[in-house]
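What follows is a short report on a single structure.
Lettering follows sequence order; numbering is per chain, from 1.
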2 protein chains.
Amino acid sequence: MRTSGGFWGTASFRRRDFAFRVRPIPLQWQSVPVSTQTPATIEDVARLAEVSIATVSRAIHNPEKVAKSTRQRVNQAIAITGYTTNAMARSLRMGRSNMILVLAPDIGDPNFSSILIGLENEARAHGYGVLIGHTQNDPERGLEYLKFLNSNQADGLLLFTGHEPFGHQEMTQRLPPTVAVFEPVFGSRIPYVGVDDTAGARKAAEYLLASGHRSIAFIGDSKTRLGHLRRRKGYDLALDAARIAPAQRLVVDGEGTIESGRLAVEQLFMRDTLPTAFMCVNDATAIGVMNGLAARGYDLPRDFSVIGFDDVPQATYMTPALTTVRQPRSAIGRQAMALLLENLTQPLTEQREVLIMPDLVVRGSVTMPGKR
Amino acid sequence: MRTSGGFWGTASFRRRDFAFRVRPIPLQWQSVPVSTQTPATIEDVARLAEVSIATVSRAIHNPEKVAKSTRQRVNQAIAITGYTTNAMARSLRMGRSNMILVLAPDIGDPNFSSILIGLENEARAHGYGVLIGHTQNDPERGLEYLKFLNSNQADGLLLFTGHEPFGHQEMTQRLPPTVAVFEPVFGSRIPYVGVDDTAGARKAAEYLLASGHRSIAFIGDSKTRLGHLRRRKGYDLALDAARIAPAQRLVVDGEGTIESGRLAVEQLFMRDTLPTAFMCVNDATAIGVMNGLAARGYDLPRDFSVIGFDDVPQATYMTPALTTVRQPRSAIGRQAMALLLENLTQPLTEQREVLIMPDLVVRGSVTMPGKR
DNA sequence: TGCGCAAATGTAAACCTTTACATAAGTCGT
DNA sequence: ACGACTTATGTAAAGGTTTACATTTGCGCA
């Protein structure tokens, strides 16, 4: 579209010089910078190309509906004026924006960034853009983004939050097509794309069992986070299969943070019942556990084995490097966006859950149980 | 604004039932859910409140210009309909969106998330919203966001990228008011808010000197990243003051990544010239260095001291915990947004640079140089 | 009573698109 | 040569606001 030389680069034409609709004057070229004060509108292009604005619009969106010669003239005019469609006006008219809003409570979540890349790639392949909203779990901010959605500034919603946007219920608003990613939305029928938590956790537990551990604690139990519940279930399934009685299982509550991992260690020491291996609900917890153990002077992995879930970037750089279950992040991102976009054109009726099978990443934090 | 009981909660009124402008029928209350199929417009509110749309708009934005009784009626109508202004139409009309776009090449940057919070708080205190654009250093994406800006979907730009958005030059477009945050834009006059790199780095180097080190390597030198250049300068200043000859200084190039830190260690071993302390251009590099040293079997901090810059979350959880210079992240975010918003109303002429003084965070990675 | 002024509200234009519909100009077959 | 299509283009409405300007109303004061 961009012309090659300086020839087309400049025009004598200046916007808003005509009070009436008028046949454009013959073009004369001068060496004046292209950029105008205010961005060019479709009308400027039309005037320059000596056509109506309707034709310009068509030349852009339905090129086959306009004669070749006209099309060329329009394209030149576009190049000259540097015209780009005013997305605001376009969206207002069309009732949609070709934008997807991703709502995340914490941009800093180490999982978020690579999932986002998957999301974005898929979106842009379908002509959609992605905007990120940072809620910080703040109801006010949630409300703000609801307004954003409400005025068609985004056509679809991707929830990374594990819950519907705060304020949603009170405002009695309908959400646009929505998909939950990474973390299922507890107690709702919002379609979900994420890792197969149960299977992944089971793999982890089985690996510990296969390494000879019989006394395996589960750190980070939760009653409210669906994903964590499922990981717990994977743990139980594996231990069931190994015929380890429920009474033998050490389960410690936690919120999935580093701090709660460290706290869990303290609790176990208070109770004075120590496992040989710690299976953690996620890597953050595992890091906390490793820190807690190191702080008490233990040598890892000799004294205890630890396994995580997620494979956050940091996992590699722990000492010992953390053995964990890897989130198939870009696959999750891709599929979630695909599901959402599909949903945009033909709303799906039944609940849908896409679970992706994760792999175990073996590093250095699990060994055979020693004689401590 | 929301009424208390169920009384105002419902209305018999249904939108778009009137072909003509007509005096609204007396309200009758029924128990029907409030939410309508399509979101309420200002016209619905006007009809319900028996006023013109102009009055509704005024009641919202200039309450003092409308009679108290009218205002109340309008507010009730708003509560009933659940009306929220269509931001799209508003922006189109007003030529601005009250949104700020933050462009970041990598959302995963551990510094980004807390700076963002500072940005957001300041923005919302002034009635602005924040949207995040993820460029991945991809020119196409940069272009996409330029279009976004071009159609007034954002009034200001905050660059976290260290460079202008790709595609800017070719599109000969003017950027909206812009401020660079965290990383100055190399070779431009864009105002910048960030840490005082020189002073911070100098503090770090002086701390190493005070700990008794005389052989201090600088890891992660760069010719293109302004912030890194400044850190290098701080290092030089400190060593100058300590009368350590430039010839004595070990300086290794790097890109500020974990990998490049590890690589730097390898290079030094190849050269067979080892310092007693490593001063790293940032924490990522420091982590790489510590990993590289650990991989070679050294015991930190006994064998070598390492100091970083940034204080990323991970720094606490290294073994030993990393001594580093803390980025005043939320202050940076706050000030950057403040500068941008100020800039929005009255464009500033002279270049402006706001440098915030950082503190040293002493942890465990620096000791007195031993007799290795 | 009537005039001037202030306060409250309404009317209509403008922001920039897209698109249904109307119009104009060819083309083709008979 | 003419009606039936097809193709290319133009006209104007609609989308939901904000706001300059016009109008109406009410009040105080001479």
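At distances below 3.5 Å, at least one donor-acceptor pair connects side-chain atoms of A:Ser97 with backbone N or O atoms of A:Asn152.
The side chain of A:Ser57 sits closest to C:dT18 out of C:dT18, D:dG10, C:dT17. Nearest to the side chain of B:Arg90, among C:dT9, D:dG16, D:dT18, sits D:dT18.
Note that CD1 of A:Ile42 is 12.0 Å distant from CZ of A:Arg47, once rounded to the nearest 0.5 Å. Here the OG1-CD distance, from A:Thr70 to A:Glu50, works out to 11.0 Å after rounding to the nearest 0.5 Å. Distance check: A:Asn343 CG to A:Asp155 CG gives 12.5 Å after rounding to the nearest 0.5 Å.
In this structure, B:Asn86 and B:Arg58 both approach DNA chain D, and ranking their closest nucleotides by distance from the 5' end singles out B:Asn86. Nearest-nucleotide assignment on DNA chain C puts the 5′-proximal partner with B:Ser69, out of B:Ser69 and A:Val56. A residue-by-residue look at B:Arg71 and A:Leu92 shows that B:Arg71 has its nearest nucleotide of DNA chain C further toward the 5' end.
Base engagement by A:Ala54 is indicated by at least one non-hydrogen atom pair under 4.0 Å involving a base atom.
Put simply, NE2 on A:His61 is 9 Å from P on C:dT17, counting in whole angstrom units. The distance between atom CZ of B:Arg96 and atom P of C:dC15, rounded to the nearest whole Å, is 17 Å. A straight line from CG of A:Asn62 to C1' of C:dA20 spans 13 Å, rounded to a whole angstrom. If you take CD1 of A:Ile60 and P of C:dC16, they are 15 Å apart, rounded to a whole angstrom. Rounded to whole Å, the distance from CD1 on A:Ile42 to P on C:dT17 is 5 Å. Atom CD1 in B:Ile53 sits roughly 9 Å away from atom C1' in C:dA12 (whole-Å rounding). The NZ-C1' distance, from A:Lys65 to C:dT18, rounds to 13 Å in whole Å. If you measure from atom CZ of A:Arg73 to atom P of D:dG10, you get 8 Å, rounded to the nearest angstrom.
Contact between the side-chain N/O atoms of B:Thr55 and the OP1/OP2 oxygens of C:dG10 is found at a separation under 4.0 Å. For the pair B:Ser52 and C:dT9, the criterion of a side-chain N or O lying under 4.0 Å from OP1 or OP2 is not met. A sub-4.0 Å separation between OP1 or OP2 of C:dT9 and a side-chain N or O of B:Thr70 is present.
A:Arg93 contributes no side-chain N or O that forms a donor-acceptor pair with the base of D:dG16 under 3.5 Å.
A donor atom on one side chain and an acceptor atom on the other are not found under 3.5 Å apart for A:Thr81 and A:Asp44.
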